[in-house]
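Step one of this worksheet: look at the structure below.
A quick note: this is a predicted structure, and the numbers were derived from the prediction, not measured.
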Amino acid sequence: MSLRDIGRHIGQLAIVGFDGHVVPADLKALAKEFDLAGVIFFARNVAEPAQVAELSRESKELARELPLWVSVDQEGGRVARFRRPFTEWPPMIALGRSGDEGLAERFALALAAELKAVGINLDYTPVLDVFTNPKNTVIGDRAFSERAEEVSRFGRVVIRVLQENGIAACGKHFPGHGDTIADSHHELPLVEHGPDRIRRVELLPFKAAIEEKVAAIMTAHVLVPAFDEEKPATLAPSIVDGLLKRELGFDGPVLSDDLEMKAVASRYDIAEASVGAIAAGCDGLLLCGGSQERQATALEALIRAVEQERLPLKRVEDAMARQRRAKERFLAGRREEKQPPLADVLGRGEHQAIAEEMARFL
């Protein structure tokens with residue numbers, strides 16, 4: 001790619017948030033200038049289901065050469081951007097405690113149906129962290145289990161069923177956020193284990209997800225001195241490129257967790273964090289705040305870093321190629337299926353019965 005091409009398409013390395021219930025003019029301008037990879041919805045973007053479906057349609061119209069990811073954090077439990085009349089799912093620890101893969105399949109099938117009904121094509125789930133520290137409130141019941149083998153087993157099921165039913169899955173938070181105490185939304189958590197333990201426990205579910213051909217993997221804003229004594233995992237080449245890509249062989253796009261979380265933002269400005277994450281091996285940046293000006297700052301910093309040869313052109317080309325391959329696999333050439341009426345899908349009795357069955361294991 002030429003430097004001009006990089007400048008025109010650098011937004012393919014960013015999935016961005018915004019404010020409001022419609023696509024704002026500033027976001028349209030950002031997409032026109034930089035060619036965005038996708039958008040992410042939060043509760044602030046949700047009024048009611050028909051509006052979400054229309055927002056998804058409007059967001060997809062921002063696409064230039066490649067379709068857009070229209071994404072959301074819809075795990076269940078505490079992390080769910082869509083509430084009633086969507087089905088409100090119990091936290092994933094319920095599935096782990098059930099021991100029932102069939103229940104996990106039915107859950108993932110129902111989740112996929114509700115997300116597709118409102119135009120979502122990428123869900124930041126499943127959580128692949130192993131809940132080995134009971135003081136860890138930020139992960140806690142979001143994890144399937146305190147045992148790596150069970151997290152691997154249920155992670156595989158959720159990934160397979162979501163992806164067979166049109167929803168790209170994103171496993172998180174690499175290389176593992178399960179044995180921490182601090183909340184990376186507010187400060188930088190520490191993972192104190194040595195490399196042997198991390199490979200034996202924390203990495204096991206990610207290996208399983210890679211074998212299941214998970215669409216994407218999200219990094220964690222955690223400090224792992226066993227692999228890098230200074231940088232959070234998201235900004236550490238030894239972790240993103242070395243451990244995830246080279247050692248584990250993941251060939252899909254690696255997405256950063258939100259670069260506006262304080263674990264990163266309190267130490268690096270948005271420009272420095274964005275360049276650092278791509279240089280470390282991330283292939284997409286989550287920029288979840290509502291400021292398109294800050295998002296433009298991040299993308300302009302990437303362009304300058306390439307021009308000044310601080311960020312290798314080959315690294316950016318590889319990141320864009322990974323995004324393109326994932327979009328070709330999940331989005332390109334697919335007709336938008338005619339969806340049944342939202343009232344026939346969201347919160348339907350069958351889905352409620354699955355949620356109630358899961359809740360019995362809490």
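Partner Cys282 forms a side chain to side chain contact (heavy atoms under 4.5 Å, CB included) with one of Leu255, Leu244, Thr219 and no other, that one being Thr219.
Looking at Thr234, its side chain does come within 3.5 Å of a backbone N or O of Ala220 through a donor-acceptor pair. Looking at Asp283, its side chain never comes within 3.5 Å of a backbone N or O of Arg322 through a donor-acceptor pair. A donor-acceptor contact shorter than 3.5 Å is absent between the side chain of Glu75 and the backbone of Val127. Lys60 places a side-chain N or O within 3.5 Å of a backbone atom of Gly119 that can act as its donor or acceptor partner. No donor-acceptor distance shorter than 3.5 angstrom exists from the side chain of Thr132 to the backbone of Glu146, with no hydrogens or angles considered. In this structure a side-chain-to-backbone donor-acceptor pair under 3.5 Å is present from His221 to Asp258. A donor-acceptor contact shorter than 3.5 Å links the side chain of Gln12 to the backbone of Leu36. No donor-acceptor distance shorter than 3.5 angstrom exists from the side chain of Gln308 to the backbone of Arg310, with no hydrogens or angles considered. Distance alone, capped at 3.5 Å, is enough to place a donor-acceptor pair between the Lys172 side chain and the Tyr124 backbone. No donor-acceptor pair under 3.5 Å is formed between the side chain of Lys327 and the backbone N or O of Leu66.
The distance from atom CZ of Phe144 to atom CZ of Arg147, rounded to the nearest 0.5 Å, is 14.5 Å. Atom CG in Leu302 sits 10.0 Å away from atom CD1 in Ile6 (nearest 0.5 Å). Separating the CG atom in Leu128 from the CD1 atom in Ile217 is a distance of 7.5 Å, to the nearest 0.5 Å. Going from atom OG1 of Thr87 over to atom CZ of Phe107 covers 10.0 Å, rounded to the nearest 0.5 Å. Atom CG in Leu162 sits 7.5 Å away from atom CG in Leu115 (nearest 0.5 Å). Considering CH2 of Trp69 and SG of Cys170, their distance stands at 9.5 Å, rounded to 0.5 Å.
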- Message: Evaluate Arg142 against Asp129 for salt bridge (Lys or Arg N to Asp or Glu O under 4.0 Å), listing each step before the verdict.
- Response: CA-CA 9 Å; Arg142 296 167 64 190; Asp129 304 310; over 6 Å; no

- Item | Steps toward salt bridge (Lys or Arg N to Asp or Glu O under 4.0 Å) verdict (Arg8, Glu33) | CA-CA 7 Å; Arg8 289 175 58 237; Glu33 182 172 1; over 6 Å; no

- Item | Trp89/Ile354 under side chain to side chain contact (heavy atoms under 4.5 Å, CB included): CA gap, chis, key distance, verdict | CA-CA 9 Å; Trp89 302 104; Ile354 296 167; 3.8 Å; yes

- Give the intermediate values and the outcome of side chain to side chain contact (heavy atoms under 4.5 Å, CB included) for residues Asp257 and Val264. CA-CA 10 Å; Asp257 206 344; Val264 168; over 6 Å; no

- Audit row: Thr125, Gln74, side-chain hydrogen bond (donor to acceptor under 3.5 Å, both in side chains) steps and yes/no: CA-CA 7 Å; Thr125 200; Gln74 191 75 356; over 6 Å; no

- Assess whether salt bridge (Lys or Arg N to Asp or Glu O under 4.0 Å) is satisfied between Glu328 and Arg325, documenting all intermediate values. CA-CA 5 Å; Glu328 287 173 347; Arg325 289 197 301 269; over 6 Å; no

- Message: Before you tell me yes or no, could you show the steps for Asp179 and Val130 under side chain to side chain contact (heavy atoms under 4.5 Å, CB included), namely the whole-Å CA-CA distance, both residues' side-chain angles and the distance that decides it to 0.1 Å?
- Response: CA-CA 7 Å; Asp179 196 353; Val130 184; over 6 Å; no

- Task: Before giving the answer on side chain to side chain contact (heavy atoms under 4.5 Å, CB included), spell out for Leu27 and Val16 the whole-Å C-alpha distance, their side-chain angles and the decisive distance to 0.1 Å.
- Result: CA-CA 9 Å; Leu27 180 56; Val16 304; 3.6 Å; yes

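Ion pairing between a basic and an acidic side chain is recognised when a charged N comes within 4.0 Å of a carboxylate O; Arg267 and Glu272 show no such pairing. Ion pair Asp228/Lys231 not flagged as a salt bridge, since none of the NZ, NE, NH1 or NH2 atoms sits closer than 4.0 Å to an Asp/Glu carboxylate oxygen. We find that Glu357 and Arg106 are joined by a salt bridge, their nearest charged nitrogen and carboxylate oxygen being less than 4.0 Å apart. Using a 4.0 Å cut-off between a side-chain N of Lys or Arg and a carboxylate O of Asp or Glu, Arg294 and Asp269 do not qualify as a salt bridge. We find that Arg304 and Glu307 are not joined by a salt bridge, their nearest charged nitrogen and carboxylate oxygen being 4.0 Å or further apart.
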Hey, can you pull the donor-acceptor pairs under 3.5 Å for the side chains in residues 341-348, sequence neighbours left out?
none

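Ring-plane geometry between Phe41 and Phe18 is classed as perpendicular, the angle between the planes exceeding 60 degrees on a 0 to 90 degree scale with a lower cut at 30. Relative ring orientation between Phe82 and Phe86 is described as parallel, the plane-to-plane angle staying below 30° on a 0-90° scale split at 30° and 60°.
Shown here for Pro126 and Ala169, the closest heavy-atom pair between the two residues is CD-CB, 4.4 Å. Nearest heavy-atom pair, Ala63 versus Leu68, reported as atom, atom and distance to 0.1 Å: CA-CD1, 3.2 Å. Nearest heavy-atom pair across Glu88 and Ala355 is O-CB, 4.1 Å. Val157 and Ala104 make their closest contact through CG1-CB, 3.7 Å (heavy atoms, listed as atom of the first residue, atom of the second, distance). Of all heavy-atom pairs between Ile198 and Val224, the closest is CD1-CG1, 3.5 Å. When all heavy atoms are compared, the tightest approach of Ala298 to Leu287 is CB-CD1, 4.0 Å.
The number of heavy atoms from other shown groups lying within 6.0 Å of CD (Glu61) is above 12. Atom CZ of Arg324 has 12 or fewer heavy atoms from other residues, nucleotides or ligands within 6.0 Å. Counting non-hydrogen atoms of neighbouring residues, nucleotides and ligands closer than 6.0 angstrom, the CD atom of Glu48 exceeds 12 such neighbours. Other residues, nucleotides and ligands place no more than 12 heavy atoms under 6.0 Å from the CZ atom of Arg246.
Partners of Arg199 under the salt bridge (Lys or Arg N to Asp or Glu O under 4.0 Å) rule, at least two apart in sequence or in another chain, are Glu247.
For the pair Glu317 and Lys314, the minimum side-chain heavy-atom distance is below 4.5 Å.
Under the 4.5 Å side-chain heavy-atom criterion for ILVMFWY residues, no single connected hydrophobic cluster contains both Phe206 and Phe131. Transitive grouping of hydrophobic side chains (ILVMFWY, heavy atoms separated by less than 4.5 Å) keeps Val161 and Leu103 in distinct clusters. Leu109 and Leu95 fall into different hydrophobic clusters, where Ile, Leu, Val, Met, Phe, Trp and Tyr side chains are chained together by heavy-atom contacts under 4.5 Å. When hydrophobic clusters are built by joining Ile, Leu, Val, Met, Phe, Trp and Tyr residues whose side-chain heavy atoms come closer than 4.5 Å, directly or via intermediates, Met320 is grouped together with Ile303. Val316 and Leu3 fall within a single hydrophobic cluster, where Ile, Leu, Val, Met, Phe, Trp and Tyr side chains are chained together by heavy-atom contacts under 4.5 Å.
In the model, Ser266 has no side-chain atom that pairs as donor or acceptor with a side-chain atom of Glu187 under 3.5 Å. Between the side chains of His9 and Asp35, at least one donor-acceptor pair of N or O atoms lies under 3.5 Å. A donor and an acceptor atom, one from each side chain of Gln292 and Gln295, are located under 3.5 Å apart. At a cut-off of 3.5 Å, with distance as the only test, no side-chain donor of His21 or Asn45 sits close to an acceptor on the other residue.
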